[in-house]
Undergrad: 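Take a look at this one; I'll ask things after.
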Amino acid sequence: MGLFKKLFSKRTWEPLFCKPADIFNLIKECVDINAPLLNLVIEYNGAEHKIGVTSDYSSARGPFDTVYYCDDVEYSTLEEMQFSCRIDGKLFSEMDTVKILRDEEVGDPRGNTYFERNGIM
């Protein structure tokens with residue numbers, strides 16, 4: 001494999017398995033520390049889905065216009081997301097286990113200290 005291909009190929013990591021509550025707690029932690037940026041790629045029924053939080057940012061105001069999302073659906077609060085977010089018709093918060101493929105920001109989902117602190121490896 002050439003150097004160019006090594007540098008720019010899509011890297012994969014071992015999936016990380018957790019509960020939906022862990023993802024909601026991680027999102028909450030990101031918002032609480034004033035860093036509302038989390039873009040997880042999960043797998044459900046063999047298809048990839050995106051879930052997380054994002055916001056606009058300015059040096060004067062910090063983060064603002066925070067939006068929680070699952071695929072193309074946006075929510076204005078984490079609570080709204082917890083009670084409404086559905087993947088393939090199933091309420092996300094009621095799923096037993098979630099398979100995280102990657103974190104779009106850090107790559108390996110194990111790069112989030114929340115998972116390490118809580119023994120999720």
Side-chain angles (χ1 to χ4, degrees):
M1 176 182 291
L3 179 61
F4 183 79
K5 190 168 184 175
K6 281 184 183 178
L7 291 174
F8 295 101
S9 65
K10 194 176 206 180
R11 175 124 189 244
T12 58
W13 288 268
E14 286 295 315
L16 179 86
F17 294 89
C18 67
K19 299 196 176 304
D22 293 313
I23 291 178
F24 291 133
N25 288 338
L26 177 57
I27 291 171
K28 182 179 182 325
E29 182 176 278
C30 291
V31 172
D32 288 349
I33 65 170
N34 224 16
L37 180 61
L38 179 69
N39 299 299
L40 298 177
V41 178
I42 63 171
E43 182 181 294
Y44 184 71
N45 286 339
E48 289 188 3
H49 300 274
K50 293 187 176 191
I51 189 165
V53 62
T54 190
S55 69
D56 292 324
Y57 183 85
S58 79
S59 58
R61 294 175 61 185
F64 63 97
D65 292 338
T66 300
V67 175
Y68 306 85
Y69 67 89
C70 181
D71 291 330
D72 294 328
V73 181
E74 295 182 350
Y75 306 94
S76 56
T77 67
L78 181 58
E79 292 76 22
E80 179 187 8
M81 181 183 189
Q82 289 172 309
F83 293 115
S84 304
C85 176
R86 293 183 177 276
I87 296 179
D88 292 345
K90 182 165 177 81
L91 191 61
F92 181 74
S93 62
E94 292 181 353
M95 292 180 180
D96 292 327
T97 314
V98 178
K99 180 180 183 180
I100 303 174
L101 299 177
R102 67 185 172 277
D103 180 323
E104 295 284 291
E105 305 307 317
V106 298
D108 188 348
R110 288 162 187 79
N112 290 302
T113 58
Y114 171 85
F115 294 128
E116 183 180 351
R117 277 193 327 268
N118 290 284
I120 302 167
M121 301 311 278

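For the single chain, residues carry numbers from 1 onward in sequence order.
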Undergrad: Measure the shortest side-chain to side-chain distance between I87 and M95 over non-hydrogen atoms and say whether it is less than 4.5 angstrom.
TA: yes

Undergrad: Would D22 and N118 count as having a side-chain donor-acceptor pair, cut-off 3.5 Å?
TA: no

Undergrad: Is it true that I42 and Y75 fall in one hydrophobic cluster, defined by side-chain heavy atoms closer than 4.5 Å?
TA: yes

Undergrad: Does the D71 side chain pair with the main chain of V73, one donor and one acceptor, at a distance under 3.5 Å?
TA: no

Undergrad: Taking the side chain as everything from C-beta on, heavy atoms only, tell me whether L16 gets closer than 4.5 Å to F115.
TA: yes

Undergrad: Tell me the closest heavy-atom pair linking W13 and P109, and the distance in Å.
TA: CB-CD, 4.3 Å

Undergrad: My understanding is that only one of L26, V106, T54 makes a side-chain contact (heavy atoms from CB on, under 4.5 Å) with L38; could you say which?
TA: L26

Undergrad: Within this structure, what is the SG-NZ distance for the pair C70 and K50, rounded to the nearest 0.5 Å?
TA: 12.0 Å

Undergrad: Quick one: are V31 and Y68 in side-chain contact, heavy atoms under 4.5 Å?
TA: yes

Undergrad: Determine whether R110 and E116 make a side-chain contact, defined as any pair of heavy atoms from C-beta on separated by less than 4.5 Å.
TA: no

Undergrad: Can you find a pair of side-chain heavy atoms, one from M81 and one from E74, that are under 4.5 Å apart?
TA: no

Undergrad: Under 3.5 Å, side chain of D103 to main-chain N/O of E105, donor-acceptor pair present?
TA: yes

Undergrad: Checking salt bridge (Lys or Arg N to Asp or Glu O under 4.0 Å) for the pair K99/E48: CA distance, chi angles, key distance, verdict?
TA: CA-CA 10 Å; K99 180 180 183 180; E48 289 188 3; over 6 Å; no

Undergrad: So if you build clusters from Ile, Leu, Val, Met, Phe, Trp, Tyr with side-chain heavy-atom gaps below 4.5 Å, do Y114 and I51 land together?
TA: yes

Undergrad: What side chain to side chain donor-acceptor pair (under 3.5 Å) pairs are there with at least one residue in residues 82-96, not counting sequence neighbours?
TA: N45-D88

Undergrad: With a sphere of 6.0 Å drawn around CZ of F17, does it hold more than 12 non-hydrogen atoms of other residues, nucleotides or ligands?
TA: yes

Undergrad: Side-chain contact test, heavy atoms from C-beta onward, threshold under 4.5 Å: evaluate it for E104 versus V41 and give yes or no.
TA: yes

Undergrad: For a 4.5 angstrom cut-off between non-hydrogen side-chain atoms, does V53 reach T66?
TA: yes

Undergrad: Any salt bridge linking E14 with R102? Criterion: basic side-chain nitrogen under 4.0 Å from a carboxylate oxygen.
TA: no

Undergrad: Can we call the ring centroids of F92 and Y44 under 6.0 Å apart?
TA: no

Undergrad: Heavy atoms only: give me the nearest I120-C18 pair and the separation to one decimal.
TA: CG2-CB, 3.9 Å

Undergrad: Starting at CG of N112, measure out to CG of L40 and round the result to the nearest 0.5 Å.
TA: 6.5 Å

Undergrad: Within the structure provided, determine whether F24 and L78 are in side-chain contact (heavy-atom separation under 4.5 Å).
TA: yes

Undergrad: If the condition is side chain to side chain donor-acceptor pair (under 3.5 Å), which residues does E80 pass it with, not counting sequence neighbours?
TA: S76

